[in-house]
Amino acid sequence: MNVLQELKNRFAHVLSDYVDDPAPFAEMVKPAQDARFGDFQANCAMPLAKRNGVNPRDLATSLVEKLNVTDLCEPPEIAGPGFINLRLKDDVVEGNINQAYTDDRVGVSGVEQPLTYVIDFSSPNVAKPMHVGHLRSSVIGDSLQRTMRFLGHKVISDNHIGDWGTQFGMIIYGYKNFVDNAAYESDPVGELARLYRLVNTLSDYHSAVEKIPQVEKSLETLAEELSQMEADADPKDKKQKKVFKKKRSEIESAKDSIKSLQEKKAAVADDPELKELAIAHPEIARLAREETAKLHAGDAENQKLWDQFLPQCVEALQGIYDRLDVHFDHTFGESYYNPMLAEVVADLEAKGLATESDGAKCVFIEGNAAPFIVQKADGAYTYATTDLATVQYRLKEFGADKVLYVVDARQGEHFKLLMETIKLWLNTEIDLQHVSFGTVMGEDRRPFKTRSGDNVGLESLLDEAVRKAREIVASNDDAKTDSTENSAPELDEATRDEISQIVGIGGIKYADLHHNRESDYVFDWDKMLAKTGDTATYMQYAYARIQGIFRRGNIDVEQLRASSFRIHLDESAERALALKICRFGEALDTVASEYRPNLLTQYLFELAGVLTTFYGECPVLKAEDETTKQSRLKLIDLAGRVIKQGLDLLGIEVCEKM
Ligand code: ARG
């Protein structure tokens, strides 16, 4: 049973005497922050009293008089200005924990009204190797897909790969002009990636050469303006400070961009071979764009190259997804919608939504400076057009109620325009959500890059994680020789390898998922793989420790599960652990309503903490009598199952031994 939901329902029932729409007030029933005040707390009396112009404590008192929770709770207590504190009856907690124990779903009930979710995640632009930036969308999206499914929703996951964009023109141009056939034979994706980088580097060079003088000129102007302003400054005018600050920051960003342009220029100018190529291909950027345009127009040669490249690119991606254990129902990709785009624009025009502006076709959204461009002046369709077609398709083919776009926060503007346009265009209730996330940063608090300034490749990142995990696993196991348990290392080489995969990949995923997704976070190996603290390793140890207790006590888990012993909660640490276990479903509900896997990591971390307290106060194998021992064994067995299930919903595995 989801107790929190039940309490909310009971509150909603009485709250309807005070307000027309009780739902938002019933939502103010929350798990208590501090166990001393009970298990749940309702904070609705204060805002409701303010609204109705009455005394909050009086209102709380009258609410409590009408509230019928005697079957679940001890008599409610009113504290401070009108907080209502609720403590579950011990036999209720005991009943729930025993019910959860025999339930495959560890006590989590499925949703009453399943919805159809399309989750659009990972979605890299192919033809470039995946980098650390792709990690977030892949792991957050996967965790949401697992959680929504577990809760009973219908989930259709779609990897909306960028397989039709300008990067294909770049590799087509690169292939036609610079391919190293032998390299392509032996490692096609590696060679395509090299070609992509080469074309990019050469285009960047030419654009830097062109832009540097312009930016230098504007830097000069800015500097002159600033010194003029300083000369005319009026010390009494406080507002000026802000204006100065703004000017100075403009100057700084101009300097930064000159620096970065100069680096791009130098990367080619300082390398005789590249320099020669740059001179031989002065129009490379425009010509690469033309290759893309030809591909989109159905040019046979480019289509043939695309048909040849795409499966190779997709296969390389698949390698990463296999390692991450991330799966999709579909990988339609942008190209899939190409045949639908002309009709989308025609329909937008017919409905008077798209209008021409400077030769381009745009949807103008009120209150928004930038339009949603659906067809460029040269006839090309855009990322926007594809996304419009995609929504239409997902509605029609999947009957989607909700679409979650797990995409970088920097695309916020795009999704805002997409949502507004859909509202105007299709008469639909579909709910589109941009599940946005921040950037992975390096120690210098800038986007995480390698020393040479390249994006950090995902493949090498995973290798490194597993390598580091291997060191940790080995040294821990070696250390067992002189531990108090007096045991020898227990893991053979193959087991160590297997555990390192689970710990390394799990560590990377957890480190990503445990941050509030909207924040940027600093990538930190040491924190990520630490044995204590809010890490996957800590949770995996908590799980393995339980299995270790079973091994030491020669406990046959199947037998334990089949036995008729009941879990009973005599000690406060037992009750606290049982209550926490019963809150798993609440945690999942918040993950699902806010699309935040970090609320699940937070729950698991708290569960592990309560478990540690429990061990300190309640011996398990050495419990005072057999009934207590069996009860506690069942309790930690269930804790282990919740940890395993919770980690699974994060896409993280556990090991029996570590
Ligand atoms: N391929 C895009 C990128 O790498 C992300 C696509 C997200 N999904 C979508 N339907 N727009 O930036």
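Atoms within each ligand, like the ligands themselves, are counted from 1 in listed order.
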Heavy-atom donor-acceptor pair, Ser137 side chain to His134 backbone, under 3.5 Å: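 No; zero donor-acceptor contacts below 3.5 Å.
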Examine distances only and state if a side-chain atom of His296 and a backbone atom of Trp164 form a donor-acceptor pair shorter than 3.5 Å.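 Judged by distance alone, yes, a pair lies under 3.5 Å.
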Within the structure, is a non-hydrogen atom of Thr390 found at a distance of less than 4.0 Å from ligand 1?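 The answer is no: ligand 1 sits nowhere under 4.0 Å from a heavy atom of Thr390.
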Does the N or O separation between [X] and ligand 1 drop below 3.5 Å for any pair?
| X | result |
| --- | --- |
| Gln411 | yes |
| His414 | no |
| Tyr405 | no |
| Arg394 | no |
| Asp387 | yes |

Kindly write out the residues that satisfy salt bridge (Lys or Arg N to Asp or Glu O under 4.0 Å) with Glu290, not counting sequence neighbours, or none if the list is empty.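 Counting only residues at least two positions away or on another chain, Glu290 forms a salt bridge (Lys or Arg N to Asp or Glu O under 4.0 Å) with Arg286.
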For atom 8 (N) of ligand 1, which protein heavy atom lies nearest, and how many Å away is it?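 Here the closest protein heavy atom is Asp120 OD1, 3.2 Å.
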What is the nearest protein non-hydrogen atom to atom 6 (C) of ligand 1, stated with its residue, atom name and distance?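 That would be Tyr383 OH, 3.2 Å.
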Taking 4.0 angstrom as the limit and counting only heavy atoms of His160, give me the atoms of ligand 1 inside it, by number and element.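 Atoms satisfying the 4.0 Å criterion: 8 (N), 9 (C), 10 (N).
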What atoms of ligand 1 come closer than 4.0 angstrom to any heavy atom of Phe415?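 Numbered from 1, ligand 1 contributes 11 (N).
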Proximity winner for atom 2 (C) of ligand 1, if only heavy atoms of Ala384, Ser123, Ser122, Gly333 are counted: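 Of the listed residues, Ser123 has the closest heavy atom.
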Name all pairs fulfilling the ring pair (Phe, Tyr, Trp, His ring centres under 6.0 Å) condition that reach into residues 193-216, sequence neighbours left out, sorted by first residue then second.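 Pairs touching residues 193-216 that pass the test: none.
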Ring-plane angle category for Phe523 and Phe448, please: parallel below 30°, perpendicular beyond 60°, tilted otherwise.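 Parallel.
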Would you check if the distance from the ring center of His330 to the ring center of Phe398 is below 6.0 Å?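 Close enough - the centres of the two rings lie under 6.0 Å apart.
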Glu594 atom CD, over 12 foreign heavy atoms within 6.0 Å: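 More than 12 heavy atoms, drawn from other residues, nucleotides or ligands, come within 6.0 Å of this atom.
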I'd like to know whether NZ of Lys294 has more than 12 heavy-atom contacts from other residues, nucleotides or ligands below 6.0 angstrom.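 Buried by this count: over 12 neighbours within 6.0 Å.
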